[in-house]
Q: 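Take this structure first; my questions come after.
So that the names make sense, note that chain A is the first sequence line, chain B the second, and so on, each numbered from 1. Computed from a predicted model, the values in this text were never measured in an experiment.
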Protein chains: 2
Amino acid sequence: MGRGKIAIERIDNTTNRQVTFSKRRGGLMKKARELAILCDADLALIVFSSTGRLYDFASSSGMEAILERYQEAKEEHCGVLNPTSEISDYLRLSGILYFIS
Amino acid sequence: MGRGKIAIERIDNTTNRQVTFSKRRGGLMKKARELAILCDADLALIVFSSTGRLYDFASSSGMEAILERYQEAKEEHCGVLNPTSEISDYLRLSGILYFIS
DNA sequence: CGACCTATGTATAAATA
DNA sequence: TTATTTATACATAGGTC
């Protein structure tokens, strides 16, 4: 975009990299917020700049809740389906599965 | 964007909401990946759709490492600065602080 | 540095297949 | 319901101050 097209590779010039980081970070945060609202999605975004500064965004349920939900989703529980799995998708589509904690 | 402008509020029509979710999720993931590469940023994105399906993206250091780094950044350690803080920014700008574990 | 300015490249809302 | 098309709205690279 902008006046010229750029390749998606690390920007070597420090000043330019920081300016681009600032602009794109703002754009990404905005898009994340929009997705959460428009589609009723639960999402978390964590960004550390190359200088170590932290920026984050979480939808209404809150960062901690989302991170816990993520850990839960990644675990395999005895007798509990993993919401990431294909079988869970199938059960949801079939109307058999409505919710996974 | 697109043929018409839409308000940023929950999309009531289920089909429309799912189509929009699919498109915007893809766009958000792409932007996240670009920011990580262009600006050498460390980032994690976690998205749960309204039906509970999980989608995620993490830059090269990996999801677990980023989540741990996030928890570290949010904690106050005895004698260790919080990288989120203004004082840390000041020390970085002054060239006094280079790295925070 | 952050704020503003535009020419361009992208993302995407609706419609359609 | 998923893929493609296309008209528009939006994001943003490069400049300026």
Q: How long is the line joining CD1 of A/I6 and P of D/dG15, in whole Å?
A: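 Those two atoms, CD1 and P, are 13 Å apart.
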Q: Would you say B/R17's side chain and B/I11's backbone share a donor-acceptor pair under 3.5 angstrom?
A: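 Yes, the answer is positive, given that a donor and an acceptor are paired below the 3.5 Å cut-off.
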Q: Does the structure show a Watson-Crick or G-U wobble partner for D/dT1, both distances under 3.5 Å? Name it, or say none.
A: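 With both distances under 3.5 Å required, D/dT1 matches none.
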Q: For B/L38 and for B/T15, find the nucleotide of DNA chain D with the closest heavy atom, then tell me which residue's nucleotide is more 5'.
A: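 Upstream on the strand: B/T15.
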Q: Take the protein atom NZ of A/K30 and the nucleotide atom C1' of D/dT12, then report the distance between them rounded to whole Å.
A: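 Taking NZ of A/K30 and C1' of D/dT12, I get 12 Å after rounding.
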Q: Reckon A/R24 has a side-chain N or O less than 4.0 Å from the OP1 or OP2 of D/dA13?
A: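 Yes, such a contact exists.
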Q: Donor-acceptor pair, distance only, cut-off 3.5 Å: does the side chain of B/S50 make one with the backbone of A/A41?
A: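 Absent.
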Q: Tell me which nucleotide among C/dG9, D/dT5, D/dA11 gets nearest to the side chain of A/K5.
A: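 Looking only at heavy atoms from C-beta outward on A/K5, the closest nucleotide is C/dG9.
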Q: Would you say B/K31 places a side-chain N or O within less than 4.0 Å of OP1 or OP2 belonging to D/dT12?
A: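 The answer is yes; a side-chain N or O of B/K31 sits under 4.0 Å from OP1 or OP2.
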Q: Please determine whether any donor N or O and acceptor N or O are separated by less than 3.5 Å between the side chain of B/R3 and the base of C/dT12.
A: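 Not at all, since no donor on one side and acceptor on the other fall under 3.5 Å apart.
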Q: Is there a side-chain polar atom (N or O) of A/T20 under 4.0 Å from OP1 or OP2 of D/dA13?
A: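 A/T20 to D/dA13 OP1/OP2: side-chain N or O found under 4.0 Å.
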Q: Give a yes or no on whether the backbone of B/A65 and the side-chain of B/S61 come within a donor-acceptor separation of less than 3.5 Å.
A: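 No: the side chain of B/S61 does not pair with the backbone of B/A65.
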Q: Can you tell me how far C1' of D/dT12 sits from CD1 of A/I11, to the nearest Å?
A: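 Distance, rounded to whole Å: 11 Å.
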Q: If I take atom CZ from residue B/R25 and atom OG from residue B/S49, how far apart are they, to the nearest 0.5 angstrom?
A: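 Reported to 0.5 Å precision, the distance equals 8.0 Å.
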Q: Looking at D/dG14, does its base get a donor-acceptor pair with the side chain of A/K23 below 3.5 Å?
A: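 Such a pair is found, so the answer is yes.
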Q: Specify the separation, in whole Å, of atom CD of B/E9 and atom P of C/dA13.
A: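 Going from CD in B/E9 over to P in C/dA13 covers 13 Å.
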Q: Find the distance B/R25:CZ to C/dA13:P and express it as a whole number of Å.
A: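 It works out to 14 Å between those atoms.
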Q: In whole angstroms, how far is the P atom of D/dA9 from the CD atom of A/E34?
A: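 It works out to 15 Å between those atoms.
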Q: C/dT16 C1' sits how many Å from B/N16 CG, rounded?
A: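 Whole-Å distance recorded here is 15 Å.
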Q: Distance check needed: C/dA13 P versus B/N13 CG, whole Å only.
A: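 So the two atoms are 13 Å apart, to the nearest Å.
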Q: Looking only at atom types and distance, does a side-chain atom of B/T20 sit under 3.5 Å from a main-chain N or O of B/N16, one as donor and one as acceptor?
A: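 Confirmed, B/T20 side chain pairs with B/N16 backbone.
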